[in-house]
Structure formats: structure tokens, C-alpha cells
Amino acid sequence: LLLSNSSIQVNPRCYKCGVTSYYLKQYRGKGYAQSAIKLVEKIHGSKNWELDTILQESGNCYLYEKMGYHQTGKAEKINEKLTLVSYKKE
């Protein structure tokens, strides 16, 4: 059962981990992403998380805000259709 395509990058010098995850359309809205975030926060603590997402992906923004993340005000316009926004959970 393929739920997502993920890649993980770790930079040990600054203790940051980058996770890219994409859930197939038929598995979206079923709580899998929320469960994954909760599990990572349970293992590694639920404070001091930062992430970037695409502003135009309203489902992503809704999920992160529901999980207690807030926009930092940092945004990077990539092109007319794509803006990256930063979120943080303290």
C-alpha cells in the first residue's frame, strides 16, 4: 500500500531535518498526515518545529494551523502560481 512518496534530508551541523512528503489523492483527508506529524512530535518533542509549505495548497495550511503551527510572516514568491510560506510551532 503506497500512501506517499517521501524523502528525508538531515544536516547534522545545524540539527535540521527536511522531510518532503506527498500523499496520493485517494489517501488525502483521512488523517494520515496528521498522524505522521503527531508521531514525529511524540518521538522528537512537540516544540520548536519549523516548516515551509506552498501557500496555494490550502489543505496543507489548514492542517498545519490545526496542529498548532502559525505563519511566521516569511514568504518567498517563486512564480505567479507558487509562494512558499514558513510556519513555526513553539
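Below, all heavy atoms of this structure are taken into account, side chains as well, without hydrogens, waters or symmetry copies. Only a predicted model underlies this, so the values are computations on that prediction, with no experimental measurement involved.
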Going by the salt bridge (Lys or Arg N to Asp or Glu O under 4.0 Å) test, which pairs reach into residues 69-79, not counting sequence neighbours? Lys77-Glu80
How is the hydrophobic cluster of Leu39 composed, in terms of its other members, when Ile, Leu, Val, Met, Phe, Trp and Tyr link through side-chain heavy atoms under 4.5 Å apart, directly or indirectly? Ile43
If we only count heavy atoms from C-beta on, is the Ile54 to Thr83 side-chain gap below 4.5 Å? no
With sequence neighbours left out, the residues meeting salt bridge (charged side-chain N to carboxylate O under 4.0 Å, His left out) with Glu41 are Lys89
Going by side-chain hydrogen bond (donor to acceptor under 3.5 Å, both in side chains), name the residues that satisfy it together with Ser46, two or more places apart in sequence or in a different chain. none
Locate the shortest heavy-atom distance separating Gln56 from Leu82; write the atom from each residue and the value. OE1-CA, 3.6 Å
From CA spacing to verdict: side-chain contact (heavy atoms from CB on, under 4.5 Å), Trp49, Ile37: CA-CA 11 Å; Trp49 285 96; Ile37 292 169; over 6 Å; no
Calculate, to the nearest 0.5 Å, the distance between atoms OG and CD belonging to Ser86 and Gln71 respectively. 8.5 Å
For Lys42, the salt bridge (charged side-chain N to carboxylate O under 4.0 Å, His left out) test, sequence neighbours excluded, returns none
Side-chain atoms of residues 57-68: list all donor-acceptor pairs with protein atoms under 3.5 Å, sequence neighbours left out, distances to 0.1 Å.
unit_1, atom_1, unit_2, atom_2, d
Asn60, ND2, Thr53, OG1, 3.1
Glu65, OE2, Tyr87, OH, 2.8
Lys66, NZ, Gln34, OE1, 3.1

Measure the CD1-CG distance between Ile78 and Leu55 for me, rounded to the nearest 0.5 Å. 11.5 Å
